[in-house]
Visitor: 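Handing you this structure, nothing more for now.
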Amino acid sequence: MNKSTLLVPVVLALSVLLGRAADQRPNILFIMSDDHTAQAVGAYATVLKDLDPTPTIDTLAAEGMTFENAFCTNAICTPSRACIITGQYPHVNGVFDLRGNIPPEKQTLPILFREAGYQTAMIGKWHLKKEPNFDYYKVLPGQGKYFDTMFRIQGPRKWPQNTVTHEGQHSSDAITDSTLEWFRNRRDPDKPFFLCHQYKAPHDYFENAPRYQSYLRDVTIPEPPTLYDVPRTFGSIATRGHEDELMAHIGTSIGKRNPRRSYAVDLKERFPEELPSDYDVAKLSERETTRLAYQAYLRKYLRCVKGVDDNLKRLFDYLRKEGLYDNTVIIYTGDQGFWLGENDYQDKRWAYDPSMRMPLIVRYPGSIRGGTRSDAIVENVDFPALMLDFAGIPRPSSMQGRSFKEVCETGREPADWKKAAYYRYWMHMAHHDNPGEMAIRTKTHKLIYFYGADYEGKNQTPPAWELYDLSRDPSELNNVYDDPAYAQVREELKEKLARLRKDVGDDGSHYPACEKIVQEFWDYDEGDREKAIEISHRFKALREASLGSREGKAPPQKN
Ligand code: CA
């Protein structure tokens, strides 16, 4: 035998070995909806439990692990997505708000998957503005549209000029069709895949596919206990104003509490078919408008959720048929939470759990036991490290988040696992009237600091702190910041928050004028409290003058 014939079996064995090694790596399917909150996922739901809103997603939970304490670091679309694609907190990746973007060379997650031999694809809502750095992409421009959905695709012209439109289709159907088309015609069976499948639904203003118009039509949707009456123990001067004088101006509402933006007013124009023909905000009682607006808001929202869930069934059926279901790590999440009428709030943004918490379910029968739950604190910056870990790809030093694969597989947290999540919302009083805030969330407590200023330290709302004992008060209705029994917890958490900010890279250097306000009211002594009252009066006067000059409601800003 000569040398070359000897080499043949060696090369063959090597290629088989390499081929098999590649085959053994699991596929990664990352599914994210927009504003799909845990309260509207069957595996988490309480108020909406009996409506069985997500039977398909619940099968993932029954066959995988459900995370009770998954949090975003900034409850709004673009920043949350930026955290996941980079593994970095907003202060490090530079995406503080909706204006931010992640350029192709900073899209660490798909780059690493591709370099490791994975086939990568991004289909659906992207919202990071710059061209996706995936082998294949088909993404909505910005927020995208619910109907006649247009996608940006690869093509002969420069990003973002190549487009295709799915005429007459709802976006959830169009996105699922696009993903199925990728599987059928574009997937390379010789490579494992990393696929992001991301819905626009159920982002507001909710528009469902026509086939869901009768879904829940004759059902009275259960109401959250605080829809009409928020206990006086909830909130602070930051969220209510001095002696409740800012109740109308902080946080947009379901009912007509907030005259600038509420579903009570918006629904009449957006979804008149959901309201009685004689619906008149001016004539109806506060309670009646809230009830009607809540029912319409939830019907529309849950119809969008239903469209997501049914489309996921189509996708999972395909994966089963093709033998891909069990060798794929399937992750389901929403980019942040959403208020479903609790405390009469709508939208997201707040550091309270309904918006800060993300639904998170991970299914991989190869190593995760079905029907398990974990209360480990995980953040969206940890998601990319987890996905890389499942693929055996080392986490780069640029990623601040860590893999929690061990939690998925054993239910146990590593000894040095994080004990708290960090939160910061920067878009002071934009769109939905939420003040600038930062927070620390542990398994048992949440401390929120509403410093109440914009990037330049201007447009101040009253600063205040809130502390919630989640072991006794999981709905965050009893602010115990000034309760002497919590003095020690309060001081410890303040110190932890100060340390955590610096640890994650929010060191005050990004917006010095804002940081000056943050520092000024940090100790919150008597002088600060008096100043907060003055700011409350001043803000009330400004708001009322501005509403008066616009003769009522300003047109809602899109987000
Ligand atoms: Ca969102």
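Sequential numbering from 1 along the given sequence is applied to the chain's residues.
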Visitor: Please confirm whether the backbone N or O of F234 pairs with a side-chain atom of N479, one donor and one acceptor, at under 3.5 Å?
Guide: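 A pair under 3.5 Å: no.
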Visitor: I want to check something: taking the side chain as every heavy atom from C-beta on, are K125 and R81 in contact at a cut-off of under 4.5 Å?
Guide: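 Contact flag for K125/R81 side chains = yes.
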Visitor: Closer than 3.5 angstrom, by distance alone: can the side chain of Q107 be matched with the main-chain N or O of I102 as a donor-acceptor pair?
Guide: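 Such a contact is found between Q107 side chain and I102 backbone.
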Visitor: Given the rule in the side chain to side chain contact (heavy atoms under 4.5 Å, CB included) test, do D344 and T226 qualify, once you have shown the distances and angles that lead to the verdict?
Guide: CA-CA 7 Å; D344 186 36; T226 54; over 6 Å; no
Visitor: Please determine whether side chain to side chain contact (heavy atoms under 4.5 Å, CB included) holds for the pair D347 and F338, giving the CA-CA distance in whole Å, both sets of side-chain angles, and the decisive distance to 0.1 Å.
Guide: CA-CA 6 Å; D347 200 63; F338 204 71; 4.0 Å; yes
Visitor: Kindly confirm or rule out a cation-pi arrangement of K446 over Y352, judged by NZ or CZ under 6.0 Å from the six-membered ring centre and within 45° of its axis?
Guide: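 No, K446 does not sit over the ring of Y352.
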Visitor: Flag the pair D35 / Q336 as yes when at least one side-chain heavy-atom distance between them is below 4.5 Å, and no otherwise.
Guide: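 Yes, at least one pair of side-chain atoms sits under 4.5 Å.
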Visitor: Is the cationic atom of R303 (NZ for Lys, CZ for Arg) positioned less than 6.0 Å from the six-membered ring centroid of Y212 and within 45 degrees of its normal?
Guide: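 Judged by the rule, R303 and Y212 form no cation-pi pair.
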Visitor: Quick check on the 6.0 Å ring-centre criterion: do Y199 and H36 meet it?
Guide: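 Aromatic pair excluded; centres sit 6.0 Å or further apart.
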Visitor: Would the distance check show the side chain of D382 and the main-chain N or O of R402 forming a donor-acceptor pair, the cut-off being under 3.5 Å?
Guide: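 Checked: pair present.
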Visitor: Are H91 and Y422, when compared by the centres of their aromatic rings, separated by less than 6.0 Å?
Guide: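 Ring centroids of H91 and Y422 are less than 6.0 Å from each other.
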Visitor: Between D335 and K348 (salt bridge meaning N to carboxylate O under 4.0 Å), is one present in this structure?
Guide: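 A salt bridge is absent here (no side-chain N lies under 4.0 Å from a carboxylate O).
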Visitor: Taking the ring centre of each residue, are W522 and Y449 less than 6.0 Å apart?
Guide: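 Distance test on ring centres: under 6.0 Å, yes.
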